[in-house]
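One structure below.
Atoms within a ligand are numbered from 1 in the order they appear, just like the ligands themselves.
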Amino acid sequence: MKWVKDRTGRFAKRPHYLPEELDSRCEATISAFLKNRHDSTEFPISTDDLTILLEQNANTLDLYAEPSGLGVDVEGVTDFYSSRKPDVRINKRLTEDVRLENRLRTTLTHELGHVLLHGFMFDGVMRQDSLFDATEKAESNQCKRATMLTTSETDWMEWQAGFACGAYLMPITALTRAVQQFIQKEGVHGPTIFLQTDTGTALVDEVVKAFSVSRDAAKVRLLQRGFLAESAEVGSLF
Ligand SMILES: [Zn+2]
């Protein structure tokens, strides 16, 4: 991790991580949690486990936040404080509707990314009008569906939380193993699997099944880590 200028103007400087650094941090979090809780690391991670992991790291977790109190299209919110761990609120539609479970899993891990990667940025940050109240909320970060998985890197907090979401749900070692098994099973030749092909579709299906994620989450993760390539690009698998 290195510190770079924050072009959003929120902070004087902000942390920049290489994808490999985020992968290894997120995998360490998931592995330690699963080993401690189940004495083994198996995928997909259950939604209960994701909820417990987020509860352990946040100050409070509200899984039944009223949509009207969150803002249009907001699925999750992380409220940062200057002197304690963040509070997380999840839109209750995701918790109550079983058909939205993948979106719930995405949102839980996206907010976990904010809590673990960004909570420390607000330590000691106080609003100018409340210098003497250390429990004052420093910032309320609203996360919308459209940018839950990925967004422009300029919006670095959202981008990092989106990347972390994929890295928690599909940790790099397990993902690499799943891709290698797929290649052997399917007898794939050549260095690149393209997204817009039957093989690309089959790989996305495999990852969706292995990690209980949405197709969008699987696609974004496979593209980000170079296991899949957009048809116009040339990339290598490993
Ligand atoms: Zn976010």
Set of side-chain hydrogen bond (donor to acceptor under 3.5 Å, both in side chains) partners for Ser40, sequence neighbours left out =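 Once residues adjacent in sequence are excluded, Ser40 has no partner under the side-chain hydrogen bond (donor to acceptor under 3.5 Å, both in side chains) criterion.
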Only counting residues at least two apart or in another chain, list the ones meeting salt bridge (charged side-chain N to carboxylate O under 4.0 Å, His left out) with Lys185.
->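 In terms of salt bridge (charged side-chain N to carboxylate O under 4.0 Å, His left out), with neighbours along the sequence ignored, Lys185 is linked to Glu206.
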cation_pi(Arg221, Phe163) dist<6.0 Å, angle<=45 =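 Yes, cation above the ring, under 6.0 Å and within 45°.
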Does the ring of Phe11 carry Arg14 above it, NZ/CZ under 6.0 angstrom from centre and within 45° of its axis?
->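 Geometry flag: not set, cation outside 6.0 Å or 45°.
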Qualifying residues under side chain to side chain contact (heavy atoms under 4.5 Å, CB included), relative to Asp216, sequence neighbours excluded =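 Leu149, Ser214, Lys219.
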Are more than 12 heavy atoms from other residues, nucleotides or ligands located less than 6.0 Å from atom CZ of Arg10?
->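 Atom CZ in Arg10 is crowded, with more than 12 foreign heavy atoms closer than 6.0 Å.
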What is the number of protein N/O/S atoms located under 2.8 Å from the Zn ion (ligand 1)?
->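 Considering protein N, O and S only, the Zn ion (ligand 1) has 5 within range.
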